[in-house]
Chemist: 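Before anything else, here's the structure in question.
When reading the values below, keep in mind they use all heavy atoms of this one structure, side chains included, and skip hydrogens, waters and symmetry mates. Residue indices begin at 1 and follow the sequence shown.
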Amino acid sequence: MGNIRLLLSLGLTANDVRAFLPCLDQDIADGPICPASARVIARRLTDVEERIAALDIVRQRLIEALAQASG
């Protein structure tokens, strides 16, 4: 159960955790990751990076709008 909590705390979804089923009997906090689970982590990281990039664009637009409003 601790492994599942750890994975969820990393931002993985319950569906993502399925890829970890073969390795959940080990302590995954310090141990090796199964190849399938590494792909899930890489995909989730890509998703997060894309969201950060999109938010950065919004942030920049807000900064510009505030600067224009302030004169």
Chemist: Search all heavy atoms of Ala14 against all heavy atoms of Leu8 and return the closest pair with its distance.
Modeler: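 The answer is N-CD2, 3.9 Å.
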Chemist: Can you name the closest pair of heavy atoms from Asn3 and Leu24 and give their distance?
Modeler: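 Looks like ND2-O, 2.9 Å.
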Chemist: Rounded at 0.5 Å granularity, tell me how far CD1 in Ile57 sits from CD1 in Ile52.
Modeler: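 Spacing of CD1 (Ile57) from CD1 (Ile52) equals 12.5 Å.
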Chemist: Give, for atom CZ of Arg43 and atom CG of Asp47, the distance between the pair rounded to the nearest 0.5 Å.
Modeler: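 That separation rounds to 7.0 Å.
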Chemist: Checking side-chain contact (heavy atoms from CB on, under 4.5 Å) for the pair Asp56/Gln60: CA distance, chi angles, key distance, verdict?
Modeler: CA-CA 6 Å; Asp56 193 44; Gln60 191 57 43; 5.7 Å; no
Chemist: Starting at CG of Asp16, measure out to CD1 of Ile41 and round the result to the nearest 0.5 Å.
Modeler: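 Between Asp16 CG and Ile41 CD1, I get 9.5 Å after rounding to 0.5 Å.
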Chemist: Could you give the distance from CG (Leu7) to CZ (Arg18), rounded to the nearest 0.5 Å?
Modeler: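 Spacing of CG (Leu7) from CZ (Arg18) equals 14.0 Å.
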Chemist: Give the cluster check for Leu12 versus Val48: same hydrophobic cluster or not, with ILVMFWY residues linked at side-chain heavy-atom distances below 4.5 Å.
Modeler: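 Unlinked, Leu12 and Val48 end up in two clusters.
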Chemist: Can you tell me how far the CD atom of Gln68 sits from the CD atom of Glu64, to the nearest 0.5 Å?
Modeler: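 These two atoms lie 7.0 Å from each other.
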Chemist: In this structure, would Leu21 and Ile4 fall into the same cluster of hydrophobic residues linked by side-chain contacts under 4.5 Å?
Modeler: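 Per the 4.5 Å side-chain linkage, Leu21 and Ile4 are co-clustered.
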